[in-house]
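The structure appears below as structure tokens.
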Amino acid sequence: MRTDRSKKVVLAMSGGVDSSVSAWLLKQQGYSVLGVTYRLHDLADKAVADASAVCRQLGIPHVVLDLRKRFERDVLEPFTAGYLQGRTPNPCVVCNPVLKFQVLLEQAERWSADHIAMGHYARVVRHPETQLPAIARSPAGQKDQSYFLYRLTRAQLERLIFPVSGLMKDEVRQLAREAGLFVSGSFPVAETPDSQDICFIDTDYAHFLNEYAATHPKWQQPFARLSEPGVVIGTDGQEIGRHQGLLHYTPGQRKGFETRSIDRLYVVGRDASANTLVVGDRDKVATDTFTIEDVVFSGLDSVNPDRRLDCRIRNTATATPGRVNRMPDGRYRVTLERKVHAPAPGQSAVFYDGDIIAFGGVISDMT
RNA sequence: UGGGGUGUCGCCAAGCGGUAAGGCACGGGACUUUGACUCCCGCAUGCGUAGGUUCAAAUCCUGCCACCCCAG
């Protein structure tokens, strides 16, 4: 007799603590679990081996999907193109809805499962006003990952389960210990390090982009240009130092260039045509207004200019209250109650109604 | 080779006789599923060079070297 669809779930597994404990929890709750591990790039071998070991231990089926082609097309290409346009892209924000969660949905269809699951620290709730499904912040505070999930589609949200959503990170590690989970090489799951930085880069992004460009002829020329050293100027236009190639800088950055100033200086802007880097004092890169585009609504399906919401322009920072106003061209103008440090075109601004994500968009302009 | 000025870490730069501040860069950590920011730690046995004065000199004196400016 076939398992009831409503008790079947497809879970993405990375071999880390969060997804491994998620698998264990789902099984405890009586779900029939299918573990899925993605091969997104060539750094994925360990994840595949580790996830496989956990699945074997839990006695759940495990499939490995080679998504390298899709990942390159849907994540790497836009990421690379974004840097070329002088933006500061956030690959995770794209990868989640377009690839990771979408593939789970596809796999759930194939496996006749009603649910998909991820080991993220976030909750899925319904907004009390609209009854729309939306991501909400995790009670785990510091570890909350809701910011990276604001672009998930309604279809993805409707089926989504976050098994560790009510837990703190150390509680998850404790469960891993109690469950006696091990990854490959008999290394305890509880001791695996937290993931951090871009998953497909093991050096730094500038290094990665140059190598990527080297193997993709169409990118070679433009990236060579972005790697040419040039002049650093102050906001008054005076030359005060040298930079090592505009590719290495993003708004608000303080490091990586040399000046003959005795002050701490931050990247204010880049002039690609003149190959100059403009730097200034910290207050020069703080702003309380900017524009977002490509907006995705979640908990709310529209927004009133009077509505006060909490804005996050990066995952880690505390939120800043503010309002948004729809412009004739479909973009939204953001006005915050306090200045924030260096919002960058290409980065995302996510608006929360309390703990629930109302909507979010991509920063397009600093004005 | 007449006059004036300057030489302290890769870059700025304090110090002005009492035993080398600070900022940037750089290296290492913390933080971080994006870029950044932030926070810790490290970083000149030596102050252009050779002597001298002094209990004690980057700080005073002298020679030399280098660079800059003015006057040729």
Side-chain angles (χ1 to χ4, degrees), chain A residues 12 14-19 38 40-41 43-44 47 75-76 78-80 82-83 85-97 99-101 118-122 138 140-151 164 169 192-209 229 232 234 238-244 246-268 270 277 279-287 312-318 339-350 360 362-363:
Chain A
S14 65
V17 221
D18 304 327
S19 60
Y38 313 126
L40 300 178
H41 43 72
L43 301 177
V75 180
L76 288 188
F79 177 72
T80 307
Y83 267 107
Q85 292 158 22
R87 308 186 117 206
T88 306
N90 182 338
C92 300
V93 152
V94 174
C95 184
N96 283 326
L99 215 63
K100 289 185 173 174
F101 287 73
M118 279 275 190
H120 284 83
Y121 287 89
S138 157
Q142 295 278 25
K143 300 304 293 182
D144 172 62
Q145 295 166 314
S146 60
Y147 174 86
F148 297 101
L149 304 173
Y150 83 96
R151 298 189 79 85
V164 300
K169 185 79 185 192
T192 56
D194 291 8
S195 64
Q196 54 189 247
D197 300 328
I198 302 180
C199 73
F200 55 91
I201 294 179
D202 55 1
T203 51
D204 61 273
Y205 75 90
H207 197 258
F208 170 84
L209 286 172
V232 175
Q238 288 292 304
E239 174 175 340
I240 55 173
R242 304 278 306 166
H243 74 251
Q244 49 179 314
L246 293 183
L247 180 60
H248 295 87
Y249 310 98
T250 191
Q253 185 170 330
R254 197 192 104 208
K255 293 170 164 295
F257 54 89
E258 196 164 277
T259 70
R260 49 185 193 70
S261 166
I262 61 168
D263 300 315
R264 285 190 165 180
L265 296 171
Y266 299 80
V267 173
V268 174
R270 295 171 285 193
L277 185 71
V279 301
D281 296 327
R282 197 169 208 278
D283 61 302
K284 289 281 197 314
V285 294
T287 181
R312 282 193 168 74
I313 58 162
R314 50 178 66 84
N315 182 229
T316 47
T318 53
K339 291 190 172 189
V340 288
H341 178 76
Q347 293 284 293
S348 287
V350 181
V362 179
I363 298 169

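We use all heavy atoms of the structure for the numbers below, so side chains are in, but hydrogens, waters and symmetry mates are not. Just so you know, these numbers come straight off a predicted model, no measurement behind them. Reminder, nothing fancy here: chain letters follow the sequence lines and each chain counts from 1.
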Inset, instruction - Remember a base hit wins even if backbone is also touched, and classify N315(A) as base, sugar-phosphate or nothing at under 4.0 Å, heavy atoms. - result: base
Inset, instruction - Please work out if K143(A) contacts a base, only the sugar-phosphate, or nothing of the nucleic acid, heavy-atom cut-off 4.0 Å. - result: sugar-phosphate
Inset, instruction - For D204(A) and G35(B), give me the distance from atom CG to atom P, rounded to whole Å. - result: 10 Å
Inset, instruction - Give one of base, sugar-phosphate or nothing for F79(A), where a contact means two heavy atoms less than 4.0 Å apart. - result: nothing
Legend entry - Charged N-O contact under 4.0 Å between K169(A) and D194(A): yes
Legend entry - Separation of U34(B) C1' from R151(A) CZ (nearest whole Å): 14 Å
Inset, instruction - Determine the interatomic distance between C1' on G4(B) and the same-named atom on U8(B); round to the nearest Å. - result: 22 Å
Inset, instruction - Whole angstrom is fine here: how far is it from CG in D283(A) over to P in C37(B)? - result: 16 Å
Legend entry - Distance between P atoms of G23(B) and C39(B) (Å, rounded): 11 Å
Legend entry - A21(B) and C41(B), which share atom name P, separated by this distance in whole Å: 15 Å
Legend entry - Span that lies between the P atom of U53(B) and that of A58(B), in whole angstrom: 16 Å
Inset, instruction - Using the P atom on both, measure G72(B) against G17(B) and round to a whole Å. - result: 39 Å
Legend entry - Name of the residue among T88(A), V285(A), I363(A) meeting side-chain contact (heavy atoms from CB on, under 4.5 Å) with P251(A): T88(A)
Legend entry - Any strand: nucleotide that pairs with U1(B) via Watson-Crick or wobble, under 3.5 Å: none
Legend entry - Nearest-nucleotide pick for T316(A), side chain only, options being G35(B), A36(B), U38(B): A36(B)
Inset, instruction - Determine the contact category for E258(A): base if any of its heavy atoms lies under 4.0 Å from a base atom, sugar-phosphate if only primed atoms, P, OP1 or OP2 are that close, otherwise nothing. - result: base
Inset, instruction - May I ask you to decide if the ring planes of F79(A) and F200(A) are parallel, tilted or perpendicular, using 30° and 60° as cut-offs? - result: perpendicular
Inset, instruction - With C1' as the reference atom in both, quote the distance from G7(B) to G46(B) in angstrom, rounded to an integer. - result: 15 Å
Legend entry - Touch class at under 4.0 angstrom, heavy-atom based, for G346(A) against every strand present: nothing
Inset, instruction - Pick the P atom in A56(B) and in C68(B), then give their distance to the nearest Å. - result: 38 Å
Legend entry - Nearest-nucleotide comparison on RNA chain B, the residue closer to the 5′ end among R264(A) and P343(A): R264(A)
Inset, instruction - Could you please name the option among C37(B), U34(B), U38(B) that lies closest to any side-chain atom of F148(A)? - result: U34(B)
Inset, instruction - Would you check if the side chain of Y249(A) reaches a backbone N or O of G256(A) as a donor-acceptor pair within less than 3.5 Å? - result: yes
Inset, instruction - Using a cut-off of strictly less than 4.0 Å, decide whether Y266(A) has a side-chain nitrogen or oxygen near OP1 or OP2 of G35(B). - result: no
Inset, instruction - Measure from CZ on R254(A) to P on U38(B) and round the result to the nearest Å. - result: 5 Å
Inset, instruction - Could you give the distance separating A20(B) and G15(B) at their C1' atoms, to the nearest angstrom? - result: 8 Å
Legend entry - Nearest atoms (heavy-atom pairs only) where V232(A) meets E258(A): CG2-O, 4.4 Å
Inset, instruction - Please tell me which of N96(A) and F257(A) maps to the more 5' nucleotide of RNA chain B, matching each residue to the nucleotide holding its nearest heavy atom. - result: F257(A)
Inset, instruction - Could you state the atom-to-atom distance from CD1 of I363(A) to P of A36(B) in whole Å? - result: 15 Å
Inset, instruction - Take the protein atom CG of L265(A) and the nucleotide atom P of A13(B), then report the distance between them rounded to whole Å. - result: 15 Å
Legend entry - Euclidean distance, atom CZ of residue R242(A) to atom P of C12(B) [Å, nearest integer]: 14 Å
Inset, instruction - Quick one: look up who C39(B) pairs with, Watson-Crick or G-U, both distances under 3.5 Å, and put none if it's unpaired. - result: G29(B)
Legend entry - Selection from C26(B), G35(B), C24(B) that lies nearest to any side-chain heavy atom of Q244(A): C26(B)
Legend entry - The single option from V93(A), I313(A), V94(A) passing side-chain contact (heavy atoms from CB on, under 4.5 Å) against S348(A): V93(A)
Legend entry - Nearest non-hydrogen partners of G360(A) and Y150(A), listed with the distance: C-CE1, 3.2 Å
Inset, instruction - Take the protein atom NZ of K255(A) and the nucleotide atom P of C39(B), then report the distance between them rounded to whole Å. - result: 10 Å
